Student: 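Please find one structure pasted underneath; my questions will follow.
From a predicted model like this one, the values you see are computed outputs, not experimental measurements.
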Amino acid sequence: MTTQTLASAMAATLRPLRLNFAQVCIWCGYRWCASPRCVGKHERSVWIVCIDCDGFGVLGPLDACHCVHGLMEATPAVDAAELCRPLPVYRPEDDEPEFMVTPRPAGRP
């Protein structure tokens with residue numbers, strides 16, 4: 001299967017909404033946008049799972065990713081391996097338990 005065929009298949013299944021939850025266009029930044037330019041741009045766009053955060057939307061405990069809810073727009077230079085790579089079911093950080101050490105209260109054993 002060629003990269004172009006894979007990209008076409010991905011475009012049909014992976015695509016964020018053109019208007020976000022606050023009804024702001026992801027292309028021009030205007031609320032309730034109905035511009036034919038933005039609509040056309042969105043229809044022609046090809047999206048893949050974000051290569052930085054694997055679709056989880058976060059890079060670490062306090063760092064948000066630059067992607068759009070786990071998706072990023074693909075470019076013609078995207079590697080075919082990126083389209084077929086296995087995706088994790090959960091973030092690797094979620095597999096590691098977090099421990100917190102609390103100091104003993106002063107004066108009590």
Side-chain angles (χ1 to χ4, degrees):
M1 192 178 268
T2 67
T3 303
Q4 189 174 22
T5 307
L6 284 171
S8 299
M10 295 290 279
T13 58
L14 298 176
R15 183 171 294 170
L17 297 173
R18 186 178 62 81
L19 301 178
N20 70 11
F21 297 118
Q23 300 303 301
V24 175
C25 179
I26 65 171
W27 299 103
C28 69
Y30 286 98
R31 193 176 311 275
W32 302 300
C33 168
S35 164
R37 181 174 176 251
C38 292
V39 171
K41 196 180 224 185
H42 194 66
E43 288 174 358
R44 291 186 304 274
S45 65
V46 176
W47 297 81
I48 61 172
V49 173
C50 180
I51 59 176
D52 293 328
C53 71
D54 285 329
F56 294 103
V58 293
L59 298 172
L62 301 174
D63 297 325
C65 190
H66 63 279
C67 62
V68 180
H69 302 293
L71 298 176
M72 62 184 282
E73 188 178 9
T75 64
V78 71
D79 186 12
E82 290 297 331
L83 298 174
C84 300
R85 68 188 169 96
L87 296 171
V89 176
Y90 55 87
R91 295 184 321 145
E93 296 85 23
D94 292 343
D95 193 30
E96 300 172 14
E98 292 183 23
F99 298 99
M100 185 172 75
V101 178
T102 57
R104 290 186 182 160
R108 296 222 154 196

Student: If a pair satisfies salt bridge (Lys or Arg N to Asp or Glu O under 4.0 Å) and one of its residues is in residues 26-45, list it, with sequence neighbours excluded.
Tutor: none

Student: Could you list the donor-acceptor pairs under 3.5 angstrom formed by side chains in residues 61-71, with sequence neighbours left out?
Tutor:
{"residue": "His66", "atom": "NE2", "partner": "Asp52", "partner atom": "OD2", "Å": "3.4"}

Student: Give the minimum heavy-atom separation between Cys53 and Val58, together with the two atoms involved.
Tutor: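 Smallest interatomic distance, heavy atoms only, reads CB-O, 3.4 Å.
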
Student: Taking salt bridge (charged side-chain N to carboxylate O under 4.0 Å, His left out) as the definition, give me every residue that meets it alongside Arg18, ordered by chain and number, with sequence neighbours left out.
Tutor: none

Student: What's the shortest heavy-atom distance between Asp54 and Arg85, and which atoms?
Tutor: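 In this case the closest contact between Asp54 and Arg85 is OD1-NH1, 2.5 Å.
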
Student: Would you list the atom pairs, donor with acceptor, under 3.5 Å between side chains in residues 20-27 and any protein atom, with sequence neighbours excluded?
Tutor:
{"residue": "Asn20", "atom": "OD1", "partner": "Ala22", "partner atom": "N", "Å": "2.8"}
{"residue": "Asn20", "atom": "OD1", "partner": "Gln23", "partner atom": "N", "Å": "3.1"}
{"residue": "Asn20", "atom": "OD1", "partner": "Val24", "partner atom": "N", "Å": "2.9"}
{"residue": "Trp27", "atom": "NE1", "partner": "His42", "partner atom": "ND1", "Å": "3.0"}

Student: Between atom CG of Leu14 and atom OG of Ser45, what is the distance when rounded to the nearest 0.5 Å?
Tutor: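 The distance works out to 11.0 Å.
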
